[in-house]
Every structure is written in C-alpha cells, then in structure tokens.
Amino acid sequence: MDVRGSLIEAIQKALLELTLDLSFDEIKLERPANPDHGDWSTNVALAISKTLNRNPRDLASEITAALEHQSPTHVEKIEIAGPGFINFKLEDSWLHDVLTEVVDAGIEDWARHQIGGNQKVIVEFVSANPTGPLHAGHGRGACLGDSVARLYQRCGYSVQRDFYINDRGTQMKLYVESLAAKASDKEIPVDGYKGEYIQEWAAEMPQEADPFEWGYQRALRSHRETLEALNIYFDNWFSERSMVDSGAIEETLADLRNADAVFDSDGAVWLRSTNWGDDKDRVLVKSNGEYTYLLPDVAYHRNKFERAEALVNVWGADHHGYINRMHAAMSALGHKPEDLKIAITQMVRLQRGGQEVKLSKRTGDIVELSEVIEEVGSDAARFTYLLLSVDSSQNFDLELVAQQVNENPVFYVQYAHARIHSIMKKSQEAGITRSPLSETNLSVLNHPSELAILRSLQELPTVVLRSTQEVAPHRITNWSRDFASLFHSFYHDCRVFGEDIDSSTTQARLWLAEAARIGLVISLDLLGVSAPTEMWRDEEGEEING
RNA sequence: GCCCCUGUAGCUCAGCUGGAUAGAGCAACGGACUUCUAAUCCGUAGGCCGCAGGUUCGAAUCCUGCCGGGGGCGCCA
C-alpha cells in the first residue's frame, strides 16, 4: 500500500475512535501547493464539523491525537493549521519508497490501472468524409483520439480504434461528380468540390476507372497515409455502405420502431428524440425515401455496442448539437447514455507567422494535415495538438511550432529524455556500473531537486487516471513539461558522477535518473511522441533528432 | 431567440470533482558554460482570475444575471 492509502486508513481509524464512520473515499487527502503545509493534507475536520456542529479546530486536534497513537509509517509530524487542516510532514523515506515502486513497476506497469477490467471500449475518431484529404483541423481529433485510446489501454481497457466512413450520401455523390467532371474537362457542379486535390486526383484517375470506387479508394488511401505519418493506426475502417448491404440500417429502424421511438409524419420517418431530452424530433428517412445522415450513424453506433460495452467518440465542435439526438437514439435502443462518452474538440485556427490560414475544405485553398506534419514533424504536431484542453480553441501556428524552438515545449521534454540517456552512456564509459537497486542506499537522495522528481513521479498514476476519466490528454502533456523542468533542474543542481561525487551518491542518482526515464517514456508514449536517446543541434540552431 | 465552449500576467495557456499566499511557457530585464549536451539552469518584474450578485467557515473553481469572443441550431453531411 502506498503512503496515501495508509494515511487515509490511519485517518479512518482515528475517526472511528471518535465514533465517526467515514468510508475510504469520503476522506480527501491532498498534496498542498505550499510546502509549509506538509507533504499531505486533509480537510476532513472541516468537512465534518458542520454536520457535527463542532469547532473544526477542536475536531482536528482530537483526530490528530488519535492519529499520533498509531504513529503511521513515514510520518514525521502532524500539524493543525488554518481553519482546521491536518497537515502531515513526512520523512524523505516515503519518496525513496516511491523510487523503488517506480523502478519495480517499470515502464510497463507504473501508472497503469486495472479499473477497466478488460472491458471493451471503442474509441471512434477522425471519421472524415472520404471526399478529400484530411485538413489541419482533423489533426486535433486524430491526436486526441489516439491518445485517449492509449490512456484507456493504460487503465486496463481493451481498446479498438474505429474510423467511420461516410461512403454514401450527398457529399460522396458530389465528390464523385466533381472528380468525374474534372477528369473529362467538364464543369464542376455548383455545390461540388473545387480544391486543388480534385484536379490532381482526377489527373491520376485511369480513364477506364469507375469514379466512385476509384475516388473512394483514393481518398481513403490519403487518410490512411496521413494518419500513419502521425503513427496512428485504426483497427476498423467501418463503411456506411456496408450497413446498407447487410441490412443493418433497416434492422436498426425496425428496432427503433419496436421501441416506439419513431413516428411517420409528412411522408418522412422521425425519431422521437424529444422523449429523451432533445429539443426537436429528428428525421431518419426523408420523404423521398433516402436516409438522413442520422439513421446510418445510429445503425453504426448500434453495431459498436454489439462489439463493445463502452464507446468514446471524438467529435468536432460543429457536431455538438448532435450529441442529444445520438444519446436519444441509444437510449431508445436500450443503452445507457453514460456508456457513450462524447468528447467535443473546439476549433483549430491554423496560422502561419500570425496570419490566419483558412481551413475550409471547399475553398480550394486548404492546408492539409499532411502539410502540417511535413512542416513541423510528427512529434511536434502531436505534442502541440495535445497541449491544450479540448475545451479551448487553439491557434496552431506552423511557423512557431516548426521554427521557434524556444516556444516549442516538445523538444524540452524530449531533451530531458536524451539527457538521461547521455548520463547512462557517459557513466558507463567512465567505467561505472549500476549496482542492484536493493543494494543501493537511497537515503542519500535528499536534495530538493531530487525529492521534487520523486514527488512528481508519485503523482503520475493519478494524472493518468484523471486524464482518462476526463478525456483530457493535455494533463499528460502538462505533466511531462513540468516533469522535464524538474529533471533539468536536477541535472543542473546534482551531478550524477565525477571526481567530487562519492560512489553511493552516484548509484542513488543513477537510479533516480532511471525512475525519471520511466516517467518520461510513459508520458511521451501516452501522447504518441517519440523519446529520442540523443538530440543535437547544429551551428545554425536547427534541431537534429538522433 | 435557443444550445455548446470560452474570458486568468503584455502574449499563449494550465489550475475549475470548492481549500491555505493563483501557476507555467514565451516576451522584458539581470545572472550561470575548464565539469554528465547551455535545446539547459537561477533570479527580477509582471494579476479587481470579464462584471455584478448569491451559496459557503472558505469561491478563479459551484449557482443566477449581464457583457465580450468562438462554434452550432436543415427532410445537408
């Protein structure tokens, strides 16, 4: 059991002595921001004082007295502060235990959770129409979805990545018509696609090819290649058309009818989504007999629920109005809304040197995601897309991310990793071998910079958990920045080896570096960013990754 | 008009499941390379947390209203 758990248990026991029965989860233990407030702190006395109608400081002193009888491990001092906080000052040894835990768990198991219980989760993301290349805005959803999938995996879920392909319907028809028109030098339809790529792809298309099938495959290949450049791979490319062929769409409609969730009006078939909190009922089948976008998508979600117990969708901000109707449809089919989690990413505004670059797919002046990757590199692209909360809109400045290394934190984090490798390599070259951890005296680690690294490592499991629950990989990005900063400080303050460093210190610091490496690799992997072992910079200041 | 996101340092943003003195990066200024990579480190300065109420022992965080910014409100996808 870690310190946190044993402290909470101790508090629980102390409360029982005062005939107060609180559950483990009711007792909050926090890491205070101010070091003067100790290593851990609880507000439990404040929280219960109201219902007991007692003075919180009196309660705190009674709880503290009961705690002191138990003398919990690592606890050096217990203090009451402010309105009634109970602060625990711990011996440094608790952090030395953290080091051992981290190294024992390793990259594989530190900050890994089993809360998923191998439950199947499908993360659906990107799902861009196969009507043209992915643009820069898709990058955010792509990086987010992939990172969320990695987070779920780390929390013990069995994850599949799904890409839903709208390979039928109006937009597809317009795309194919545009492509065919361009190929035969005819006028592109009024609402058609007019981007540069239409011309390029039309020129590639063999004369005898079926524009529909060829155009569809061409767009899919474009998507696949771009995503692979970001190291993103899908388990399922799910075709909308396939559900027409299999009858799944009609089955879905029948299921909705059986659930009394549809009605006919004005010659159209409607989903009674207002029954489940939507502002309007929604058309499923138009009066001309064609499906709207909604019905096949409902069928697709029905299919996903056949394959998994929980679903996560990553949608763009323009789809937010769609959440209610999809939840309504799933409720009608007997699923729980909380089993379909929908993350909305706010807009990405692409800029180049402060000048806005338009994202529109139909102006013909698009910036493709592949161009972004080419310009800034996969690592910088992923890190940048995952830097902000998805609730904030993002200005992604290509020039800044590609060139101004100082404003670009990805290199800062990767450099910390490269430095660790350099320490390992150089110490080996100096003839130092790392002795087993069990034979290493960690108590020499007492410099604030050393202890700060261990404190931060101790927090990573919590960060991972919250990141997953909140669909918020940016917490990982921010943790990795803060952690890299702590490592760089340590690097400066504490030399690992050299003439004036005794061998026991060298040994302990080598293990500290190893623990730091584990933390960095885990966090970078969750972001899908590489962890280079060397990074050098040439004389012009351009970065070169090794 | 309705719905979603948002407003925190000059700029870009964390922090929001209520906690103690609100943080980081960049920009500005001043320091640190004979030593494991200076892509680094240390320091200084910089804040009515949009505004006004409310709840609370305690509010950047929760609630209400207002103001500003972005997005969405089709038998389009």
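Every chain is numbered from 1, with letters handed out A, B, ... down the list of sequences. The structure presented is a predicted model; accordingly, all values stated were derived computationally and were not measured.
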Using whole Å, report how far [atom1] of [X] lies from [atom2] of [N].
{"X": "A:Lys425", "N": "B:rC36", "atom1": "NZ", "atom2": "P", "value": "14 Å"}
{"X": "A:Leu46", "N": "B:rG19", "atom1": "CG", "atom2": "P", "value": "12 Å"}
{"X": "A:Tyr164", "N": "B:rA77", "atom1": "OH", "atom2": "C1'", "value": "10 Å"}
{"X": "A:His488", "N": "B:rC33", "atom1": "NE2", "atom2": "P", "value": "20 Å"}
{"X": "A:Ile342", "N": "B:rG71", "atom1": "CD1", "atom2": "P", "value": "22 Å"}
{"X": "A:His319", "N": "B:rG71", "atom1": "NE2", "atom2": "P", "value": "16 Å"}
{"X": "A:Asp278", "N": "B:rC4", "atom1": "CG", "atom2": "P", "value": "13 Å"}
{"X": "A:Leu486", "N": "B:rC41", "atom1": "CG", "atom2": "P", "value": "10 Å"}

Closest approach of [X] to [Y] (non-hydrogen atoms, all atoms of both residues):
{"X": "A:Val372", "Y": "A:Ala136", "value": "CG2-CB, 3.8 Å"}
{"X": "A:Gly141", "Y": "A:Phe125", "value": "O-CD1, 3.6 Å"}
{"X": "A:Pro133", "Y": "A:Ser222", "value": "CA-OG, 3.7 Å"}
{"X": "A:Thr274", "Y": "A:Lys280", "value": "CG2-C, 3.5 Å"}

Passing option when A:Tyr322 is tested against A:Leu294, A:Ile344, A:Ile342 for side chain to side chain contact (heavy atoms under 4.5 Å, CB included) =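 It is A:Leu294, the one option of A:Leu294, A:Ile344, A:Ile342 that forms the side chain to side chain contact (heavy atoms under 4.5 Å, CB included) with A:Tyr322.
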
Separation between the [atom1] atoms of [N] and [M], rounded to whole Å:
{"N": "B:rA60", "M": "B:rU56", "atom1": "C1'", "value": "16 Å"}
{"N": "B:rG46", "M": "B:rG23", "atom1": "P", "value": "14 Å"}
{"N": "B:rA22", "M": "B:rU8", "atom1": "C1'", "value": "8 Å"}
{"N": "B:rG25", "M": "B:rG71", "atom1": "C1'", "value": "28 Å"}
{"N": "B:rG50", "M": "B:rA14", "atom1": "P", "value": "14 Å"}
{"N": "B:rU21", "M": "B:rC26", "atom1": "P", "value": "28 Å"}
{"N": "B:rC5", "M": "B:rC48", "atom1": "C1'", "value": "25 Å"}
{"N": "B:rU61", "M": "B:rC33", "atom1": "P", "value": "46 Å"}

Residues A:Arg31 and A:Glu459 bridged, charged N to O under 4.0 Å |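 Here A:Arg31 pairs with A:Glu459 in a salt bridge, since their nearest N and O are under 4.0 Å apart.
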
Would you classify [X] as touching base, sugar-phosphate or nothing, given that sugar-phosphate means primed atoms plus P, OP1 and OP2, and contacts are heavy atoms under 4.0 Å?
{"X": "A:Ala33", "result": "nothing"}
{"X": "A:Asp318", "result": "sugar-phosphate"}
{"X": "A:Asp266", "result": "base"}
{"X": "A:Asn87", "result": "base"}

Which parts of residues 296-303 of chain A get close to RNA chain B, meaning a heavy atom less than 4.0 angstrom away?
->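 Correct list: empty, so none.
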
For RNA chain B, stems built from three or more consecutive Watson-Crick or G-U wobble pairs below 3.5 Å =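 Stem list for RNA chain B: B:1-7 with B:67-73, B:10-13 with B:23-26, B:28-32 with B:40-44, B:50-54 with B:62-66.
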
Parallel under 30°, tilted from 30 to 60°, perpendicular over 60°: which one fits the rings of A:Tyr175 and A:Tyr193?
->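 Ring orientation, 0 to 90° scale: perpendicular.
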
Can you label the angle between the A:Trp315 ring and the A:His301 ring as parallel, tilted or perpendicular, going by 30° and 60°?
->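 Perpendicular.
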
Between [X] and [N], is there a side-chain N or O to OP1/OP2 distance below 4.0 Å?
{"X": "A:Lys28", "N": "B:rG18", "answer": "yes"}
{"X": "A:Lys280", "N": "B:rG72", "answer": "no"}
{"X": "A:Tyr322", "N": "B:rG74", "answer": "no"}
{"X": "A:Arg419", "N": "B:rA38", "answer": "yes"}
{"X": "A:Lys286", "N": "B:rC76", "answer": "yes"}

Go through [options] for me and flag the one nearest to the [X] side chain.
{"X": "A:Tyr412", "options": "B:rA77, B:rC75, B:rU40", "result": "B:rU40"}
{"X": "A:Ala268", "options": "B:rA20, B:rA77, B:rC75", "result": "B:rC75"}
{"X": "A:Thr170", "options": "B:rC41, B:rC75, B:rA77", "result": "B:rA77"}
{"X": "A:Arg495", "options": "B:rG71, B:rA77, B:rC36", "result": "B:rC36"}
{"X": "A:Asn129", "options": "B:rG19, B:rA77, B:rC36", "result": "B:rA77"}

Sort me out a list of protein N/O and nucleotides 10-15 of chain B N/O pairs below 3.5 Å, or just none if empty.
residue : atom : partner  : partner atom : Å
B:rC13  : OP1  : A:Ser393 : O            : 3.4
B:rA14  : OP1  : A:Ser389 : N            : 3.0
B:rA14  : OP1  : A:Ser392 : OG           : 2.8
B:rA14  : OP2  : A:Ser392 : OG           : 3.4
B:rG15  : OP1  : A:His474 : NE2          : 3.0

Would [X] count as a cation-pi partner of [Y], with NZ or CZ less than 6.0 Å from the six-membered ring centre and within 45° of the ring normal?
{"X": "A:Arg140", "Y": "A:Tyr385", "answer": "no"}
{"X": "A:Arg434", "Y": "A:Trp511", "answer": "yes"}
{"X": "A:Arg481", "Y": "A:Phe383", "answer": "no"}

With distance as the sole test, does A:Asn288 use its side chain to make a donor-acceptor pair with the main-chain N or O of A:Glu290 at under 3.5 Å?
->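 Yes, because the side chain of A:Asn288 sits within donor-acceptor range (under 3.5 Å) of the backbone of A:Glu290.
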
A:Ser456 (side chain) donor-acceptor with A:Phe483 (main chain) under 3.5 angstrom =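 No.
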
Under-3.5 Å donor-acceptor pair between A:Ser287 side chain and B:rC75 base =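 For A:Ser287, whose side chain was compared with the base of B:rC75, there is a donor-acceptor pair (under 3.5 Å).
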
Using the closest heavy atom to pick a nucleotide of RNA chain B for each, name whichever of A:Gln346 or A:Arg481 lands nearer the 5' end.
->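 Closer to the 5' end of RNA chain B: A:Gln346.
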
Between A:Ser427 and A:Asp493, which is nearer to the 5' end of RNA chain B once each is assigned its nearest nucleotide?
->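 Closer to the 5' end of RNA chain B: A:Ser427.
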
To the nearest 0.5 Å, what is the distance between NE2 (A:His223) and CH2 (A:Trp237)?
->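 A:His223 NE2 to A:Trp237 CH2: 7.5 Å, rounded to 0.5 Å.
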
Give a yes/no verdict on base stacking between B:rG72 and A:His320: centres under 5.5 Å, planes within less than 30° of parallel.
->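 Aromatic stack with B:rG72 absent for A:His320.
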
Per-pair stack call A:Phe85 and B:rA20, 5.5 Å, 30° |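 So yes, this residue stacks on that base, both cut-offs being met.
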
With syn defined as a glycosidic angle within 90° of 0 and anti as everything else, classify B:rC33.
->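 Base orientation relative to the sugar is syn.
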
Name the one of A:Arg495, A:Arg509, A:Arg455 that satisfies salt bridge (charged side-chain N to carboxylate O under 4.0 Å, His left out) with A:Glu450?
->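 Testing each of A:Arg495, A:Arg509, A:Arg455 against A:Glu450, the sole residue satisfying salt bridge (charged side-chain N to carboxylate O under 4.0 Å, His left out) is A:Arg509.
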
